[in-house]
Each structure stands twice: as structure tokens, then as C-alpha cells.
Amino acid sequence: MSLQQDIVKRFGVQPQIDVNAEIRKRVDFLKRYVKNSGTTGLLIAISGGIDSAVVAGLCKQATDELTNESGQQYMTLGVFQPFGNQADISDSYAVAQAFGLKHTVETNIEDAVNEVTLEVEQGFKQLNQPRHLSIPGKGNVKARVRMVTQYALAFDLNLLVVGTDHASEALTGFYTKWGDGAVDITPLSSLNKRQVRQLAAHMGVPKSVIDKVPTAGLWEGQTDEKELGISYDHNSDYLEGKDVPNDVREKIERQYRKTEHKRSPIPGI
């Protein structure tokens with residue numbers, strides 16, 4: 001069995017999907033997990049990107065159905081987390097409006113990130129290496145501060161933190177360890193990016209979000225495909241078991257091996 005076959009089997013991506021069946025399966029998955037956990041709902045950070053938009057829609061459907069079926073109140077909390085002024089924050093609000101989210105909060109992370117950055121730079125000085133935190137390093141701080149805030153909200157509100165990672169991100173390790181990768185549940189994990197787009201179009205995600213260039217938004221000018229050097233079309237083809245150019249295959253598999261630590265349990269002895 002080739003490495004590609006091993007990877008496709010590991011992530012469980014299907015070459016074709018029935019969109020309605022996939023939505024139903026993931027909503028039911030969320031409902032079961034909420035009921036079994038004894039929590040009162042789900043928290044989803046809505047970035048303004050397509051992945052979190054799809055997850056927000058799945059979460060809202062799940063908690064609405066739980067409320068109707070049980071007579072108890074379940075909620076989906078949408079959290080907006082800009083760093084300072086976010087140019088596309090309107091897309092986050094548009095997603096919440098599209099799915100009728102009644103509960104939303106905005107938690108601006110700028111001050112907290114800058115405080116952490118300042119402390120790190122004080123540490124550099126103590127090591128006789130006075131310098132600024134690198135741009136990617138500060139990007140990781142942003143991702144982790146967002147999760148600290150989400151978990152603080154979720155703890156006191158008895159909610160589960162829902163992740164937006166999917167197979168295309170897992171394949172390349174394109175997420176921050178203990179940042180956006182630190183969640184309770186991931187309802188998109190066996191879909192690739194192409195399939196997430198299929199769900200988005202069917203569920204009524206705003207067009208401005210569907211058409212947006214994918215970005216983690218951790219620093220100015222960053223885009224997923226530019227940073228990885230791999231297109232989502234090639235990434236999705238690979239996960240569907242299709243042939244991709246040899247140089248692309250090598251790049252994907254090199255990135256997969258390099259980021260295995262992100263997908264593995266914490267090692268110990």
C-alpha cells in the first residue's frame with residue numbers, strides 16, 4: 001500500500017459525497033456528543049472564513065434540534081475574535097445572521113496578545129538576545145490566545161469548543177498546535193477543502209465568504225496556498241486518491257511527515 005493510500009484511509013475522505021447525507025451525519029454527531037457530555041451547547045469561533053461558517057451552520061442546526069427534541073434549552077455561541085481592526089469582520093457577522101445565531105460575543109484579542117508578546121521579548125532580553133518576537137511566532141500567540149478565551153467562555157457556560165479543522169488541514173498540519181488545533185470536537189475531519197465548499201454552497205453560507213481566498217489571518221498578506229505552496233485543488237485530489245503531479249505529491253508527503261507531531265498524542269516514557 002502506498003503512502004497516499006495509507007493517508008486516504010487514515011483521514012477517511014471519500015472520493016465523492018452526498019452533501020445532504022454528510023450534513024445529516026455531522027449534525028447527528030454533534031447532537032450525540034453534546035448529550036453524552038452533559039453540556040448545554042456548542043461554542044464556535046466564527047473567523048469570517050468558509051470552514052468556521054460551515055461549522056457554525058452545523059452547530060446551530062444541532063442545538064436547535066436538541067432544543068426541539070428535549071424541551072431543554074441548548075445554545076450555539078458564536079464568538080468573533082478580531083485582532084484590533086479586522087477588515088472583514090462583517091463576514092463573521094454575516095455568517096451569524098445567515099444561520100440565525102441568537103447568541104454571539106466579540107472578544108478582541110489585541111491587548112492580550114501584545115501583553116504576551118511583551119513578556120516574551122523581556123525573556124529574550126534576559127537571554128541576552130534582545131529582539132522582537134517573529135511574525136510567525138506572534139501568529140501562534142494569536143491562535144493560542146483565541147483558544148484560551150474560547151475555553152474560558154465555554155467553561156463557565158458549560159459548552160463544548162468546536163473546531164474547524166478538516167482533512168486538508170490535517171494532511172499538511174496547517175493549524176497551530178494548542179491553538180486552533182486545541183478543541184473538543186471536529187465535525188469536518190473526514191472532509192477535504194473541496195467538500196467543505198460543497199457543504200457551504202448547499203447550506204447557504206454567504207457568497208462573500210465562499211469566494212474569499214483562504215487565510216488563517218495571522219499576519220498581513222498571509223494566504224494558505226501561498227504559505228504551503230500547495231493548492232487546495234491538488235490537496236483535495238490527493239485525499240480523494242487521485243493522481244497529482246510528482247512534485248506536488250512529494251511536497252504534500254514531505255509536509256505530512258514534518259507535521260506528524262501535531263496529529264500524534266503527546267509522547268512520554
>> Could you check whether Glu65 pairs with Arg24 (Lys NZ or Arg NE/NH1/NH2 to Asp/Glu carboxylate O, under 4.0 Å)?
In response: yes
> Cationic tip of Arg263 within the cone over Tyr256's six-membered ring, i.e. under 6.0 Å and within 45° of the normal?
Replying inline: yes
>> One thing to verify: whether Asp88 and Lys212 come together as a salt bridge, which I'm taking to mean a side-chain N less than 4.0 angstrom from a carboxylate O.
In response: yes
> Do His234 and Arg249 touch side chain to side chain, with heavy atoms closer than 4.5 Å?
Replying inline: no
>> How long is the straight-line distance from CG of Leu133 back to NZ of Lys138, given to the nearest 0.5 Å?
In response: 7.5 Å
>> Do Val161 and Leu188 land in one hydrophobic cluster if side-chain heavy atoms of ILVMFWY residues count as linked below 4.5 Å?
In response: no
>> Can you tell me which residue among Leu43, Val79, Leu77 is in a side-chain contact (heavy atoms from CB on, under 4.5 Å) with His103?
In response: Leu77
> Do Asp180 and Thr164 have side-chain heavy atoms sitting under 4.5 Å apart?
Replying inline: no
> Is there a path of hydrophobic side-chain contacts, each under 4.5 Å between heavy atoms of I, L, V, M, F, W or Y residues, that connects Leu58 with Val183?
Replying inline: no
>> Strictly below 4.0 Å, N to O, side chains only: are Arg257 and Glu250 in salt-bridge contact?
In response: no
>> Side chains of Tyr238 and Thr172, heavy atoms from C-beta outward: is any pair under 4.5 Å?
In response: no
> Would you call Met75 and Lys102 a side-chain contact if the rule is heavy atoms closer than 4.5 Å?
Replying inline: no
> In terms of hydrophobic clusters joined by side-chain contacts under 4.5 Å, are Trp178 and Phe174 together?
Replying inline: no
>> Does atom CD (Gln16) have a neighbourhood of more than 12 heavy atoms from anything else shown, all under 6.0 Å?
In response: no
> Heavy-atom distance under 4.5 Å between the side chains of Leu159 and Thr39, does that happen here?
Replying inline: no
>> On a heavy-atom basis, which atom in Leu199 and which in Ile23 lie closest, and how many Å separate them?
In response: CG-CG1, 3.9 Å
>> Both conditions, 6.0 Å and 45 degrees, for the charged tip of Lys193 above the ring of Tyr232: are they met here?
In response: yes
>> Tell me if the CG atom of Asn85 is crowded by more than 12 foreign heavy atoms within 6.0 Å.
In response: no
> When you look at NZ of Lys9, are more than 12 heavy atoms from neighbouring residues, nucleotides or ligands closer to it than 6.0 Å?
Replying inline: no
> Are Gln61 and Phe99 close enough that some pair of their side-chain heavy atoms sits under 4.5 Å apart?
Replying inline: no
>> Could you report the tightest heavy-atom contact between Thr176 and Ala143, atom names first, then the distance?
In response: OG1-CB, 3.6 Å
> Are there more than 12 heavy atoms of other residues, nucleotides or ligands under 6.0 Å from atom CG of Asn68?
Replying inline: yes
>> Is any side-chain heavy atom of Phe83 closer than 4.5 Å to one of Asn114?
In response: yes
> Given the rule that I, L, V, M, F, W and Y join up when any side-chain heavy atoms are under 4.5 Å apart, are Leu66 and Ile185 in one cluster?
Replying inline: yes
>> What I want to find out is whether Glu22 reaches Arg26 closely enough, with some N-O distance under 4.0 Å, to be called a salt bridge.
In response: yes
> Are Gln81 and Lys142 side-chain neighbours, meaning at least one heavy-atom pair lies under 4.5 Å?
Replying inline: no
>> Could you see if Phe80 belongs to whatever hydrophobic cluster contains Val145? Use Ile, Leu, Val, Met, Phe, Trp, Tyr and a side-chain cutoff under 4.5 Å.
In response: no
> Salt-bridged, Asp64 to Lys60, with N to O below 4.0 Å?
Replying inline: yes
